[in-house]
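Read through the structure below, which is laid out as structure tokens, and then see the notes.
Each chain gets a letter, A, B and so on, in the order its sequence line appears, and its residues count up from 1.
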Amino acid sequence: MRLSQMLFVTLREDPAEAEIPSHKLLLRAGYMRRIGSGVYAYLPLLWRVLQKISQIVREEMNAAGAQECLLNQLQPSELWKESGRWETYTQAEGIMFALTDRQGRELGLGPTHEEVITAVARDMIRSYRQLPLNLYQIQTKFRDEIRPRFGLMRGREFIMKDAYSFDVDEAGMKRSYGKMHDAYHNILRRCGLAFRAVDADSGAIGGSGSQEFMVLAEAGEDEVLYTEDGQYAANVEKAVSRPAEAVPSSFKTYEKRETPNTPTIASLAKFLDCSPTQILKNVLYQVTYNSGMELLVLVSIRGDQDVNEVKLQNELTKLAGDYKATAVIGLKVPDAEAQQQWATQPLPLGYIAPDLPDSYIQPSKTLVAQFLRLVDQTAVELKNFVTGSNESGFHVVGANWGSQYPLPRLALDLRKASVGDRALHDPSQLLQSARGIEIGHIFQLGNKYSKALNATYTNEQGEEVPLMMGCYGVGVSRLAQAAVEQSYDKDGIIWPVAIAPYQVIVVAPNAADQDQMAAAEQIYNALNQAGVEALLDDREERAGVKFKDAELVGIPYRIVTGRSLQQGKVEVVTRATKASQEIQLDQVVATIRQWIDAELAQ
RNA sequence: CGGGAUGUAGCGCAGUAGGUAGCGUGCCUGCUUUGGGAGCAGGAUGUCGCAGGUUCGAUUCCUGUCAUCCCGACCA
């Protein structure tokens, strides 16, 4: 492609709309333009990148035995009502663009395709003989993100590869999952990215096992905890660890003490001159279920630990049936205003005890009249602990479960793992922290959707059994930007060769110089013939402009037909390292071809 | 949805005690220059987000509204 003929517009300054480096660079280098909030036009350069990523994804999916298809984006509400997700996806989480057509039919714009693919499977898969099966598509998804952010990182319209596997049983599902796990490693390796596969929370999709593929970058929205030995890595939402040992309590007898102005753990520990690990912290949460019921939850946890709200929400979801509900649609620490809605008297904030009386709750039709009392594992083992007294200004010391307080019936893992914790598999390994961009997520769904939509097959014994499913996503457009986030310098983007829009850019520094232009043309043609994807900067610009643009756009190799032409040589510069060398005119194409092949083989 | 901010030329920004707007960059033309976003000369470009109101007159003041961005709860 000749730059003189291409839609090629670079910006000299950072656009005001962009915050993180990759977003700024993609806009500045002319890869994309914002059309609306969270909605971008993919311009020719970016489209090439996206197609390259798609092609790598396609090759690896095909190699893993998956079959490509293309599913509908307009999805009838009936399917989503069957799976029970219509309500949660259009209201509670509100992530689906929903619309009504002129006949009054309700439709959703596909945020994901479990329902559609399961409907297809229900219609077409009859026998175990047709299994296993894995279907995938690469397509635009629509999600009404509450807050679109960071360009392609969190758009409302984005390209995703989603795959769905169908197996006869759990073992088969795990095999399919394993294949996808390997395929994802291959995809990311081939795209030239530094990444880590981590244990993940399966969130709204549901299911059992799940892993995320994180591209490591400072701007990542997720925190990853891992061990040096490579044995453990998890999203902080999911991570487990051994907390630090509790310091044995220095309080021997139970008594109430005056502790003025100690509403926080830190202030209390200082006042009593004890370790936060001796304190029992009681945190109040307010939960809203999709049945309309509100529930107040009191979580007791060791003072030095924090509650992991994702874990808490998962546990509360398991209990949804007790409240005639199927999902949690809200979880918050009630603020003063929320407390006023239900508290019969001011709460002893900062001084709450695990036995905070239910009489604090104003009876109401939509509010459960008792606190749900949960205790984290770390707090179960505490002896002679310090905790609130339900009276402002006073705590108790030397308290014990069973003596002063009944141990809550539900003892769960609700704590947030953090950097420096000891790993479960090997206490000598300490958790390290890194930030990551989630570009892939694989799930073992089990039969959640197949049961809901009645997608069954007949097994060898002639029985009708629900299909065992898995689902697997890769954010294709997000991956493109993540690659930039991971690889850039002060001059611009540094694309890995495998996904660069073009592999080489040929620059004639002086467009007025006939020899330079002729040499550039000749090399450009030879590169094309050799199957190298090349750009020719034949614009009537000065050398500086051309070099700056080439670096900003991030083409891996630059060939300059400049001064060295006198000696029959051209200069070849590697974008990533800025390393430059002079190569004979007649050898440059073969050399470049070799370099590219070596890069692509990695 | 809660909190904070911003809408003026393609992009980045200034400005108007109320009198229809400017800087940088980019764009167009010409000459010079030609290995790191050149120099000189000339030129084009705006419903001042939108709608009401006040006023002789509103981009400026008032009211409303829409959009966008940032910080929090959701996700490839």
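Rounded to whole Å, the separation between the P atoms of B:G10 and B:G26 comes to 16 Å. Atom name P, nucleotides B:C61 and B:A17: the rounded distance is 10 Å, in whole Å. On the P atoms, B:C31 is 24 Å away from B:G24, given to the nearest whole Å. To the nearest whole angstrom, the two C1' atoms, one in B:C40 and one in B:A51, are 47 Å apart. When the C1' atom is compared between B:G7 and B:U65, the two are found 13 Å apart, to the nearest whole Å. Taking atom P in both B:A73 and B:G64, one finds a spacing of 31 Å when rounded to whole Å. Across the C1' atoms, B:U16 and B:G22 are found 10 Å apart, a figure rounded to whole Å. Across the P atoms, B:G39 and B:U63 are found 47 Å apart, a figure rounded to whole Å.
Distance, A:Glu13 CD to B:G12 P: 8 Å, rounded to whole Å. If you measure from atom CD of A:Gln286 to atom P of B:G2, you get 17 Å, rounded to the nearest angstrom. Rounded to whole Å, the distance from CD on A:Glu571 to P on B:G36 is 12 Å. Whole-Å rounding puts the A:Asn510 CG to B:U32 P distance at 14 Å. The nearest whole Å value for the distance from the CD atom in A:Glu221 to the P atom in B:A73 is 11 Å. Rounded to whole angstrom, the span from the CZ atom of A:Arg28 across to the P atom of B:G10 amounts to 20 Å. Residue A:Lys546 contributes atom NZ, which lies 13 Å from atom C1' of B:G36 at whole-angstrom precision. Straight-line distance from the CZ atom of A:Arg85 to the P atom of B:C75: 11 Å, rounded to whole Å.
Between the base of B:C75 and the side chain of A:Arg143 there is no donor-acceptor pair shorter than 3.5 Å. With hydrogens and angles left out, the side chain of A:Arg34 and the base of B:U68 share no donor-acceptor pair within 3.5 Å. Taking only distance into account, the side chain of A:Arg478 meets the base of B:C75 through a donor-acceptor pair shorter than 3.5 Å.
Ranking B:C13, B:G35, B:U33 by closeness to the A:Ala16 side chain, first place goes to B:C13. Distances from the side chain of A:Glu551 to the nucleotides B:G36, B:A76, B:C13 place B:G36 closest. Taking every side-chain heavy atom of A:Ala512 into account, B:U34 is the closest of B:U34, B:G35, B:G10. For A:Ser37, taking side-chain heavy atoms from C-beta onward, the closest of the listed nucleotides B:G35, B:C69, B:A76 is B:C69. Comparing B:A76, B:C71, B:C11 by their closest approach to the side chain of A:Arg149 singles out B:C71.
Contact annotation for A:Glu145: base contact, defined as any heavy-atom pair under 4.0 Å involving a base atom. At the heavy-atom level, A:Val560 lies under 4.0 Å from base atoms of the strands shown. Contact annotation for A:Gly440: backbone-only contact, meaning every heavy-atom pair under 4.0 Å involves sugar-phosphate atoms and none involves a base. Across all strands shown, A:Leu552 has heavy atoms under 4.0 Å from base atoms, whether or not it also approaches the sugar-phosphate. Contacts of A:Ser477 with the nucleic acid, taken as non-hydrogen atoms under 4.0 Å apart, are absent.
Using N1 to N3 plus N6-O4 or O6-N4 for Watson-Crick, or N1-O2 and O6-N3 for G-U wobble, each under 3.5 Å, B:G64 pairs with B:C50. Across all strands shown, B:G2 pairs with B:C71; the Watson-Crick or G-U wobble distances both stay below 3.5 Å. Nucleotide B:A17: unpaired (no Watson-Crick or G-U wobble partner with both distances less than 3.5 Å). Nucleotide B:U45 is matched to nothing when pairs are restricted to Watson-Crick or G-U wobble geometry with both distances under 3.5 angstrom. Nucleotide B:U25 is matched to B:G10 when pairs are restricted to Watson-Crick or G-U wobble geometry with both distances under 3.5 angstrom.
Between the side-chain ring of A:Phe158 and the base of B:A76, a stacking contact exists by the 5.5 Å and 30° definition.
The shortest distance between the side-chain N/O atoms of A:Arg147 and the OP1/OP2 oxygens of B:C71 is below 4.0 Å. Taking side-chain N and O atoms only, A:Thr112 has no distance below 4.0 Å to OP1 or OP2 of B:A76.
In this structure, A:Cys471 and A:Glu114 have side chains that are in contact, with non-hydrogen atoms separated by less than 4.5 Å. With contacts defined as side-chain heavy-atom distances shorter than 4.5 Å, the pair A:Gln286/A:Trp342 qualifies.
For the pair A:Gly36 and A:Asp14, both in contact range of RNA chain B, the more 5′-proximal nearest nucleotide belongs to A:Asp14. Closest-nucleotide positions on RNA chain B for A:Val476 and A:Gly38 were compared, and the one nearer the 5' end corresponds to A:Gly38.
With hydrogens and angles ignored, the 3.5 Å screen pairs a side-chain donor or acceptor of A:Gln481 with a backbone N or O of A:Leu152. Counting only distance, with no hydrogens or angles, the side chain of A:Gln75 and the backbone of A:Thr112 share a donor-acceptor pair below 3.5 Å.
Among A:Val287, A:Leu319, A:Val299, the single residue meeting the side-chain contact (heavy atoms from CB on, under 4.5 Å) criterion with A:Leu372 is A:Leu319. Test A:Ile138, A:Ile499, A:Val476 against A:Leu50 for side-chain contact (heavy atoms from CB on, under 4.5 Å) and you get one pass: A:Val476.
The aromatic rings of A:Phe97 and A:Phe142 stand perpendicular to each other, their planes meeting at an angle above 60°, with 30° marking the opposite boundary.
In this entry the base of B:U45 is anti relative to its sugar, with a glycosidic angle more than 90° from 0.
No hydrogens or angles considered: a donor-acceptor pair under 3.5 Å links the side chains of A:Tyr472 and A:Ser165.
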